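Heads up, the thing below is written out as structure tokens.
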Amino acid sequence: MECEEPARLVVDLPSPEDTWRLQLSLTTNDDGSTTLVFIQRLAEPYDATGVGPGWHYYLDRLGAVIAHASVNQDWDTDYYPALSDAYPLPD
């Protein structure tokens with residue numbers, strides 16, 4: 001784990017296949033807003049077709065909580081396999 005308060009966090013999470021390294025960084029913008037950059041490097045390109053929609057799901061839920069909005073997303077219709085094409089395999 002790496003932590004540089006308040007701007008950067010790197011953690012290793014165990015998964016059934018391997019360990020996932022997640023990197024999060026926060027940047028304060030000139031207008032006072034904050035940008036979150038989320039990075040997960042994948043060992044195999046095909047992993048993105050399944051992992052990408054999963055992170056969309058969780059980050060959309062985070063956004064809804066921050067906005068005090070309802071969280072009604074349905075995994076089976078809104079995320080997977082619906083978003084799989086957004087993560088195409090490289091040629």
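All figures in this text were calculated on a predicted structure; none of them were measured in a lab. The figures here come from the full heavy-atom set of this structure, side chains too, leaving out hydrogens, waters and symmetry mates.
Between Phe38 and Trp55, the two ring planes are tilted [angle within 30° to 60°].
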*For Asp78 and Tyr57, run side-chain hydrogen bond (donor to acceptor under 3.5 Å, both in side chains): C-alpha distance rounded to whole Å, both residues' side-chain angles, the deciding distance at 0.1 Å, then the answer.*
CA-CA 9 Å; Asp78 296 336; Tyr57 176 80; over 6 Å; no
*Using the side chain to side chain contact (heavy atoms under 4.5 Å, CB included) rule, take Leu24 and Leu36 through it: C-alpha gap first, then chi angles, then the decisive distance, then the call.*
CA-CA 7 Å; Leu24 300 112; Leu36 165 66; 3.8 Å; yes
*Does the side chain to side chain contact (heavy atoms under 4.5 Å, CB included) test come out yes or no for Arg21 and Gln40, once each step is laid out?*
CA-CA 6 Å; Arg21 174 157 284 213; Gln40 178 185 7; over 6 Å; no
*asked:* Between Tyr79 and Asp60, does the side chain to side chain contact (heavy atoms under 4.5 Å, CB included) criterion hold? Intermediate values first, please.
replied: CA-CA 10 Å; Tyr79 292 90; Asp60 283 352; 2.5 Å; yes
*Could you give me the CA-CA distance, side-chain angles and deciding distance for Thr19 and Leu13, then say whether side chain to side chain contact (heavy atoms under 4.5 Å, CB included) is met?*
CA-CA 5 Å; Thr19 300; Leu13 297 176; 5.9 Å; no
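In the displayed structure, Glu2 atom CD is contacted under 6.0 Å by more than 12 heavy atoms of other residues, nucleotides or ligands.
Ile39 and Val51 are members of different hydrophobic clusters when ILVMFWY side chains are connected at heavy-atom separations under 4.5 Å. No continuous path of hydrophobic side-chain contacts links Leu59 to Val65 [ILVMFWY only; heavy atoms under 4.5 Å]. Note on Leu42 and Tyr58: same hydrophobic cluster, where clusters join Ile, Leu, Val, Met, Phe, Trp and Tyr whose side-chain heavy atoms are under 4.5 Å apart, directly or indirectly.
Nearest heavy atoms, Ser33 versus Asp31: OG-OD1, 2.5 Å. Taking both residues in full, the closest heavy atoms of Ser84 and Pro53 are given as N-CG, 4.0 Å, listed atom of the first, atom of the second, then distance. Nearest heavy atom pair, residue Ala64 against residue Ser70, reads CB-O, 3.8 Å.
Side-chain polar atoms of His56 and Tyr87 form a donor-acceptor pair below 3.5 angstrom. Under 3.5 Å, the side chains of Asp74 and Thr77 contain a donor-acceptor pair of N or O atoms.
Between Thr35 and the choices Thr27, Thr28, Asn29, the side chain to side chain donor-acceptor pair (under 3.5 Å) rule is met once, by Asn29.
In this structure, the side chains of Gln23 and Val37 stay at 4.5 Å or more apart for every pair of heavy atoms.
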